[in-house]
Amino acid sequence: MRVRFAPSPTGALHIGGARTALYNWLLARHAGGTLVLRIEDTDRERSTPENVEQILDALRWLDLDYDEGPISQVSRTERHQEILEQLLAGGHAYRSSATADDVRAFKDEHGAERGFRGDAEESGAVRLRVPDDGATVVHDVIRGETTFRHTHLDDPVIARADGSVLYNFAVAVDDLDAGITHVVRGEDHLSNTPKQLLVLEALGAQQPIYAHLPLLHGPDGKKLSKRHGAASVQELREAGYLPEALRNYLALLGWGSDDDQTIISTDELVERFSLERVSRNPARFDEQKLRWLNGRYLRELGVDDLTARLEQYTGRSGLRAAVEISREKVQTLADFWPLAGFIFDGPADDPAAREKWLTPDGMTALQAVRSALEEVDPFELGPVQEALEGVVRDLGAKPKQVFQPVRVALAGRAVSPGIFETLVVLGREESLARIDRALAP
RNA sequence: GCCGCUAUCGUCUAGGGGACUAGGACGCCGCCCUCUCACGGCGGAAACCGGGGUUCGAAUCCCCGUAGCGGUACCA
């Protein structure tokens with residue numbers, strides 16, 4: 001089995017492309033096949049080296065490797081010209097000066113369902129000659145057979161007047177030369193397939209097995225865009241998602257195991273993935289489910305691993321103790337700093353929290369806690385907890401009437417990791433200093 | 001307009017003629033746990049797009065309609 005992932009570098013790698021890459025990768029790894037990476041850069045206007053680098057970077061981060069490539073489609077220009085001449089010489093293609101307007105005029109005259117047919121001229125763009133009768137049938141592993149009647153097809157332009165080739169031609173030739181056995185790509189390419197098949201047929205080549213994946217849409221069912229928040233791999237990475245969680249989530253968008261398992265490791269995906277079980281209906285990208293899944297993966301990580309990732313993500317070091325007491329409370333790497341950053345940067349400033357908890361009663365409780373903490377020895381979880389609970393008893397108060405003022409004094413907010421744990425991580429000196437600051441008029 | 005694909009809870013899906021009182025997961029609601037926020041546990045509401053067939057029997061097969069999406073470029 002030889003499969004390929006063939007993105008065009010006209011922008012960042014979006015989750016749709018990432019899923020296509022993932023499925024091809026899973027397929028290749030499952031079958032012990034070869035994954036070829038090809039960069040479809042025949043659109044010289046929009047293709048940039050920066051975009052290529054971004055795609056490569058996204059694949060690296062996702063930990064999806066490939067066995068051959070990346071090979072640039074334009075680097076194969078000579079070969080494309082050779083095939084082009086071959087088709088021209090064999091009468092499978094012809095030059096035509098017909099413009100888009102001419103094509104429209106042709107359809108107005110012959111009916112909208114009648115595809116454009118041109119006459120061979122001396123110069124102009126190269127069009128593939130499509131037979132008038134008959135049909136091209138696409139055999140798709142996911143969708144079954146789809147028939148495209150030739151009369152509905154226009155003679156497609158396969159090379160510009162200047163000789164540069166177009167997508168549907170380049171793809172067919174490149175897939176053929178690369179010996180691709182399975183073409184797995186988005187459903188938006190389904191209607192392109194007959195054109196590619198016609199090129200292959202003109203070349204007397206065998207057709208690969210096709211699998212057209214259902215498209216991915218935004219939460220509103222519309223095409224994914226900036227409007228929907230994070231839609232590119234880069235953005236998801238910046239939003240604090242883990243690559244393994246994203247792989248799991250993406251795999252589930254259009255594919256499900258027979259037992260409908262939700263949490264499924266990459267190794268298990270490789271083992272269980274099959275094209276036959278890919279769904280036919282489009283899916284919507286639901287970030288809430290990704291968040292939940294990411295939280296599950298985050299909590300599976302050991303403290304050391306999670307600390308390392310958070311230190312890389314935040315660019316800070318010495319996070320381990322804070323990570324240890326926060327890991328149950330975060331779903332993404334981005335959630336960590338807002339929750340635990342006060343440990344390093346000092347209390348936040350939340351007037352509402354101060355007003356609610358640093359009341360006269362709150363100050364009384366805080367004073368009592370301060371005295372109790374001074375005595376605690378050693379300053380560790382058990383003793384600290386006993387000391388605070390002692391204050392609660394002595395004051396005859398509810399736990400939160402004592403703990404919340406302390407929390408606000410330490411964190412500046414009404415939300416934080418557990419209060420005993422936070423005290424221990426801050427240490428006696430820093431804790432007392434923060435309490436004193438809160439007590440100061 | 002034309003060509004094509006698709007159609008199960010709000011979302012991702014299981015289901016491939018009787019096992020369906022349609023299962024799971026996210027989200028939502030309630031309860032429990034609880035120092036906040038979470039995590040976790042328990043429970044609940046929530047779907048077969050509509051209409052015709054085929055069949056003893058249809059979420060499952062066929063047709064029509066409707067809707068969504070894709071293509072219709074000298075873009076990919």
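Source: prediction; values computed, not measured. We name chains A, B, ... by the order of the sequence lines, and we start the count at 1 in each one.
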Specify the separation, in whole Å, of atom [atom1] of [X] and atom [atom2] of [N].
X        : N     : atom1 : atom2 : value
A/Leu215 : B/A7  : CG    : C1'   : 15 Å
A/Arg143 : B/G71 : CZ    : C1'   : 13 Å
A/Asn248 : B/C12 : CG    : P     : 17 Å
A/Asp258 : B/G15 : CG    : P     : 7 Å
A/Arg327 : B/C37 : CZ    : C1'   : 17 Å
A/Asn281 : B/C9  : CG    : C1'   : 14 Å
A/Arg291 : B/C39 : CZ    : P     : 10 Å
A/Ile263 : B/U13 : CD1   : C1'   : 15 Å

Could you measure between the two [atom1] atoms, the one in [N] and the one in [M], and give it in whole Å?
N     : M     : atom1 : value
B/G16 : B/G10 : C1'   : 26 Å
B/C35 : B/U13 : C1'   : 39 Å
B/G53 : B/G44 : C1'   : 39 Å
B/A19 : B/C37 : C1'   : 45 Å
B/C48 : B/U60 : P     : 12 Å
B/C29 : B/C3  : P     : 47 Å
B/C32 : B/C5  : C1'   : 48 Å
B/G50 : B/A67 : P     : 15 Å

Answer with base, sugar-phosphate or nothing: what part of the nucleic acid does [X] contact at a heavy-atom distance below 4.0 Å?
X        : value
A/Ala414 : base
A/Gly115 : nothing
A/Thr262 : sugar-phosphate
A/Ile419 : base

Could you check whether [Y] and [X], counting side-chain N and O atoms only, form a donor-acceptor pair closer than 3.5 Å?
X        : Y        : value
A/Asp267 : A/Ser265 : no
A/Asn51  : A/Thr48  : yes
A/Ser232 : A/Glu235 : yes
A/His182 : A/Asn24  : no
A/Asp361 : A/Thr359 : no

- prompt: Given B/C12, B/C37, B/G24, which nucleotide is nearest the side-chain atoms of A/Lys329?
  reply: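 Taking heavy atoms from C-beta onward, the closest nucleotide is B/C37.
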- prompt: Does A/Arg284 have a side-chain nitrogen or oxygen under 4.0 Å from the phosphate oxygens OP1 or OP2 of B/G10?
  reply: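 No, because none of the side-chain N or O atoms of A/Arg284 sits under 4.0 Å from OP1 or OP2 of B/G10.
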task: Indicate, with yes or no, if the rings of A/Trp337 and A/Tyr313 have centres closer together than 6.0 Å.
output: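 When the ring centroids of A/Trp337 and A/Tyr313 are compared, they turn out to be at least 6.0 Å apart.
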message: For A/Tyr249 together with A/Tyr297, are the ring centres under 6.0 Å from each other?
response: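 Ring-ring flag for A/Tyr297/A/Tyr249: false, centres at least 6.0 Å apart.
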- request: Look at the rings of A/Trp255 and A/Phe273 and say which category their plane angle falls in: under 30° parallel, 30 to 60° tilted, over 60° perpendicular.
  value: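 The arrangement is tilted - the two ring planes meet at 30° to 60°.
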Go ahead and name the base partner of [N]; Watson-Crick or wobble counts if both distances stay under 3.5 Å, otherwise write none.
N     : answer
B/G40 : B/C32
B/U72 : B/G1
B/A67 : B/U6
B/C56 : B/G18

message: Check whether A/Tyr23 forms a cation-pi arrangement with A/Arg19 (NZ or CZ under 6.0 Å from the six-membered ring centre, at most 45° off the ring normal).
response: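 Judged by the rule (NZ or CZ under 6.0 Å from the ring centre, within 45° of its axis), A/Arg19 counts as positioned above A/Tyr23.
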Could you run down the sub-3.5 Å N/O contacts of the protein with nucleotides 72-76 of chain B?
from: B/C74; atom 1: O2; to: A/Ala161; atom 2: N; distance (Å): 3.3
from: B/C75; atom 1: OP2; to: A/Arg160; atom 2: NE; distance (Å): 2.9
from: B/C75; atom 1: OP2; to: A/Arg160; atom 2: NH2; distance (Å): 2.7
from: B/C75; atom 1: O2'; to: A/Asp43; atom 2: OD2; distance (Å): 2.2
from: B/C75; atom 1: O2'; to: A/Arg46; atom 2: NH2; distance (Å): 3.3
from: B/C75; atom 1: O2; to: A/Arg46; atom 2: NH2; distance (Å): 2.8
from: B/A76; atom 1: OP1; to: A/Thr42; atom 2: O; distance (Å): 3.4
from: B/A76; atom 1: OP1; to: A/Thr42; atom 2: OG1; distance (Å): 2.6
from: B/A76; atom 1: OP1; to: A/Asp43; atom 2: N; distance (Å): 3.3
from: B/A76; atom 1: OP2; to: A/Tyr167; atom 2: N; distance (Å): 2.9
from: B/A76; atom 1: O3'; to: A/Glu40; atom 2: O; distance (Å): 3.1
from: B/A76; atom 1: O2'; to: A/Ser8; atom 2: OG; distance (Å): 2.8
from: B/A76; atom 1: N6; to: A/Asn192; atom 2: OD1; distance (Å): 2.9
from: B/A76; atom 1: N6; to: A/Asn192; atom 2: ND2; distance (Å): 2.9
from: B/A76; atom 1: N1; to: A/Asn192; atom 2: ND2; distance (Å): 3.1

task: Any chance you could lay out the ring pair (Phe, Tyr, Trp, His ring centres under 6.0 Å) test for A/His110 and A/Phe106, step after step, and finish with the verdict?
output: CA-CA 6 Å; A/His110 293 88; A/Phe106 180 94; 4.0 Å; yes
message: Assuming nearest nucleotide by heavy-atom distance, tell me which of A/Phe420 and A/Arg280 is located more 5' along RNA chain B.
response: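 So the residue in question is A/Arg280.
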query: Side-chain contact, heavy-atom cut-off 4.5 Å: A/Ser431 with A/Val384?
result: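 Not in contact.
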Could you list the protein-to-nucleotides 26-32 of chain B atom pairs, N/O on both sides, closer than 3.5 Å?
from: B/C26; atom 1: O2'; to: A/Lys289; atom 2: N; distance (Å): 3.4

